[in-house]
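Input: a single structure, listed below in structure tokens.
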Amino acid sequence: MKSEPQNYSIDNLYEDHTQPWDGVRNYQARNFMRDKMQIGDLAFFYHSNTKIPAIVGISKVISEPYPDFTQFDAHSKYFDPKSTKDAPRWMLIDVEFVEKFKRPVTLNELRSNVFLAGMQILQKGNRLSITPVSHEHWEIIMQLASK
DNA sequence: GCCAACGTTGGC
DNA sequence: GCCAACGTTGGC
């Protein structure tokens, strides 16, 4: 799960403990939260659009999907006038802080690791803020993070 | 700040 | 339903 650290960083999640993952306005990313993520699932926390893009830690899914409240808030930048409470367009899940890596695993590092070449986040043109990670890739990245 | 990639919008 | 125009993402 990507987040721009100037908006919301792993340290913010550490302070907050839990956080609704609001503001996702891409249907594919929404579908991952709505249809694929289960309570207890772990996710890498990725800092995007920053000097050194990197995976910086881990969060955990702690809720069923439910409507993203910001879509109904006319003052929010995530307000969606086309969404209704009867048929909410945007769903989210709550995440909980699990750990911050001792060191960030940088995008450079991910790209230079031949065993990670299949990762969706590394594919050309990928812009999705939420992408699946295979068990195999997960283990490799955990190894890198512990070095 | 640039720009490639890609999603969305809306006219037709 | 096509597709040009436009907006956003995000690495560099």
Side-chain angles (χ1 to χ4, degrees), chain A residues 1-16 18-37 41-61 63 65-134 136-147:
Chain A
M1 301 175 82
K2 298 183 190 175
S3 185
E4 304 191 8
Q6 62 268 33
N7 293 340
Y8 197 81
S9 71
I10 188 78
D11 293 319
N12 294 132
L13 185 58
Y14 173 74
E15 290 157 15
D16 296 340
T18 70
Q19 178 71 9
W21 206 253
D22 63 305
V24 171
R25 292 295 180 271
N26 172 284
Y27 287 107
Q28 274 182 275
R30 178 206 64 186
N31 292 348
F32 282 125
M33 288 197 288
R34 190 188 62 189
D35 306 332
K36 302 292 184 195
M37 288 175 145
D41 283 352
L42 299 178
F44 287 131
F45 198 114
Y46 178 90
H47 282 174
S48 66
N49 199 18
T50 188
K51 197 141 198 168
I52 302 175
I55 299 173
V56 292
I58 297 174
S59 69
K60 179 164 73 176
V61 178
S63 81
Y66 65 95
D68 180 339
F69 45 90
T70 63
Q71 70 195 304
F72 307 122
D73 177 1
H75 300 296
S76 169
K77 68 170 175 171
Y78 299 121
F79 178 60
D80 184 347
K82 292 178 182 170
S83 185
T84 65
K85 297 218 174 187
D86 286 340
R89 186 180 286 194
W90 305 109
M91 306 291 280
L92 54 69
I93 46 86
D94 291 345
V95 299
E96 177 182 74
F97 178 86
V98 174
E99 71 170 281
K100 180 181 176 176
F101 288 161
K102 288 189 298 238
R103 65 175 196 89
V105 178
T106 67
L107 179 60
N108 260 343
E109 223 177 319
L110 299 177
R111 285 203 190 287
S112 64
N113 188 311
V114 65
F115 299 108
L116 297 176
M119 281 192 81
Q120 192 164 329
I121 199 178
L122 301 180
Q123 305 314 303
K124 182 172 181 167
N126 171 73
R127 299 186 322 182
L128 269 188
S129 65
I130 301 177
T131 49
V133 177
S134 73
E136 179 195 359
H137 292 156
W138 181 278
E139 292 302 327
I140 293 168
I141 291 163
M142 292 304 287
Q143 283 289 322
L144 293 174
S146 66
K147 276 185 189 166

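Chain letters run A, B, ... following the sequence lines, proteins first and then strands; every chain starts at 1.
At the phosphate of B:dA5, OP1 or OP2 sits under 4.0 Å from a side-chain N or O atom of A:Lys124. Contact check, A:Tyr46 against C:dT9: no side-chain N or O comes under 4.0 Å of OP1 or OP2. Of the side-chain N and O atoms in A:Lys2, one or more sit less than 4.0 angstrom from OP1 or OP2 of C:dG10.
Computed from coordinates, the A:Asn7 CG to C:dT9 P distance equals 10 Å when rounded to whole Å. Atoms NZ (A:Lys77) and C1' (C:dT8) sit 12 Å apart, rounded to a whole Å. The interatomic distance linking A:Tyr78 (OH) with C:dT9 (C1') rounds to 12 Å, in whole Å. What separates CZ of A:Arg25 from P of B:dT9 is a distance of 12 Å, to the nearest Å. Between A:Gln123 atom CD and C:dG10 atom P there is a gap of 15 Å when expressed in whole angstrom units. In this structure, A:Ile121 atom CD1 and C:dT9 atom P are separated by 15 Å, rounded to whole Å. Whole-Å rounding puts the A:Asp80 CG to C:dG7 C1' distance at 15 Å. In this entry the distance linking CG of A:Asn126 with P of C:dG10 reads 8 Å, nearest Å.
Mapping A:Asn26 and A:Lys82 onto DNA chain B by nearest heavy atom places A:Asn26 closer to the 5' end of the strand. With DNA chain B read from its 5' end, the first of the two nearest nucleotides for A:Arg89 and A:Asn49 is the one closest to A:Asn49.
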Worked check of side chain to side chain donor-acceptor pair (under 3.5 Å) between A:His137 and A:Ser134: CA-CA 5 Å; A:His137 292 156; A:Ser134 73; 3.2 Å; yes
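Ion pairing of A:Asp11 with A:Lys100 is present here, as a side-chain N (NZ or NE/NH1/NH2) and a carboxylate O approach within less than 4.0 Å. Ionic pairing of A:Glu109 and A:Arg103 is present here: one or more N-O contacts between side-chain nitrogen and carboxylate oxygen are shorter than 4.0 angstrom. A:Asp68 has a carboxylate O that lies under 4.0 Å from a charged side-chain N of A:Arg25, or vice versa, which qualifies the two as a salt bridge.
Taking the side chain of A:Pro53 as heavy atoms from C-beta on, and the options B:dA5, C:dG10, C:dG11, the nearest nucleotide is C:dG11. Checked against C:dT8, B:dT8, C:dG10, the side chain of A:Arg127 finds its nearest nucleotide in C:dT8. Distance from the side chain of A:Ser48 is smallest for C:dG10 among the nucleotides C:dG10, B:dT8, B:dG10.
A distance of 6.0 Å or more separates the ring centres of A:Phe72 and A:Trp90.
The aromatic rings of A:Trp138 and A:Phe44 lie parallel to each other, their planes meeting at an angle below 30°, with 60° marking the opposite boundary.
For DNA chain C, the neighbouring residues in residues 104-114 of chain A, judged by any heavy atom under 4.0 Å, are A:Leu107, A:Arg111.
Counting heavy atoms from C-beta on, the side chains of A:Met1 and A:Val95 come closer than 4.5 Å.
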